[in-house]
Amino acid sequence: MIDKEKVMAAVKLFLEGIGEDPNREGLLETPERVARMCEDIFGGMSEDPGMHLSKQFPAQSSELVIEKDITFFSTCEHHLLPFFGKAHIAYIPDGKVVGLSKLPRTVEVFARRPQIQEQMTIQIADAVESNLAAKGVMVMIEAEHTCLTMRGVKKPGTKTITMATRGLFVENQERQKMFLEAVKSC
């Protein structure tokens with residue numbers, strides 16, 4: 001749960017710290033706006049991803065299910081700057097599938113936390129594997145980090161790609177290749 005009063009006090013101190021006057025007309029309501037924004041951006045802190053993955057349906061097939069191009073926005077825990085991109089998830093069901101909206105909701109839970117991309121990829125893979133008891137899971141995330149584009153090396157357009165494999169994907173190069181080809185296709 002976001003403590004709005006603490007966020008507002010911190011924003012006021014931050015504004016003073018960078019040499020601004022928090023009592024200037026244009027900044028008077030900024031601490032409250034930032035506190036409300038934090039409720040949205042960091043709303044995943046108190047959410048359980050299993051809640052979204054609990055709505056499952058029987059499925060006789062144990063063929064590959066892929067949901068790709070799941071847009072997300074997150075916040076780098078090192079610089080508190082945004083990173084954003086697309087998540088791609090594949091899983092091999094074991095008698096049950098999850099509703100299609102549930103995978104993007106799961107991505108959102110983890111994206112709406114101060115986070116590093118590498119950990120977010122692992123968290124999504126683990127949540128899908130454990131909550132669906134899937135035979136295999138593969139997650140790939142492609143993201144642009146504003147900590148690379150706005151500061152430091154200042155290289156806009158640079159993408160970071162992370163992957164996590166579980167179960168039948170771990171040693172099956174053919175399944176991995178099938179997933180990667182599906183992600184690359186239009």
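Atoms considered below: every heavy atom in the structure, side chains included; atoms not considered: hydrogens, waters and symmetry mates. Note that the structure is predicted; figures quoted are calculated from it, not measured.
Among the candidates E67, M138, E142, the single residue satisfying the side chain to side chain contact (heavy atoms under 4.5 Å, CB included) test with H88 is E142.
Residues meeting the side chain to side chain donor-acceptor pair (under 3.5 Å) test with R113, sequence neighbours left out: none.
Residue F83 is found in a hydrophobic cluster whose other members, listed by chain and number, are L53, F57, V65, I70, F72, I89, Y91, V97, V98, L103, V107, F110, M120, I124, V128, L132, V137, V139, I141; membership requires side-chain heavy atoms under 4.5 Å apart, directly or through intermediates.
Between the side chains of E108 and H52, no donor-acceptor pair of N or O atoms lies under 3.5 Å. In this structure, a donor-acceptor pair under 3.5 Å is absent between the side chains of Q115 and S74.
With values rounded to the nearest 0.5 angstrom, Q117 atom CD is found 4.0 Å from H145 atom NE2. Atom CZ of R112 sits about 11.5 Å away from atom SG of C38, to the nearest 0.5 Å.
Closest non-hydrogen pair, A35 versus K4, comes out as CB-O, 3.9 Å. The nearest pair of heavy atoms linking M150 to K154 is O-CE, 3.6 Å.
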Exercise for the section: Could you walk me through whether D126 and R166 pass the side-chain contact (heavy atoms from CB on, under 4.5 Å) test, one step at a time? Expected result: CA-CA 8 Å; D126 289 345; R166 302 288 182 269; 2.7 Å; yes
Practice task
Apply side-chain contact (heavy atoms from CB on, under 4.5 Å) to the pair I92 and R175, showing each step before the final yes or no.
Solution key: CA-CA 10 Å; I92 302 166; R175 287 190 195 275; 3.5 Å; yes
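For CE of M51, the number of neighbouring non-hydrogen atoms (other residues, nucleotides, ligands) closer than 6.0 Å is greater than 12. Annotation: K12, atom NZ; neighbour count of heavy atoms from other residues, nucleotides and ligands within 6.0 Å does not exceed 12.
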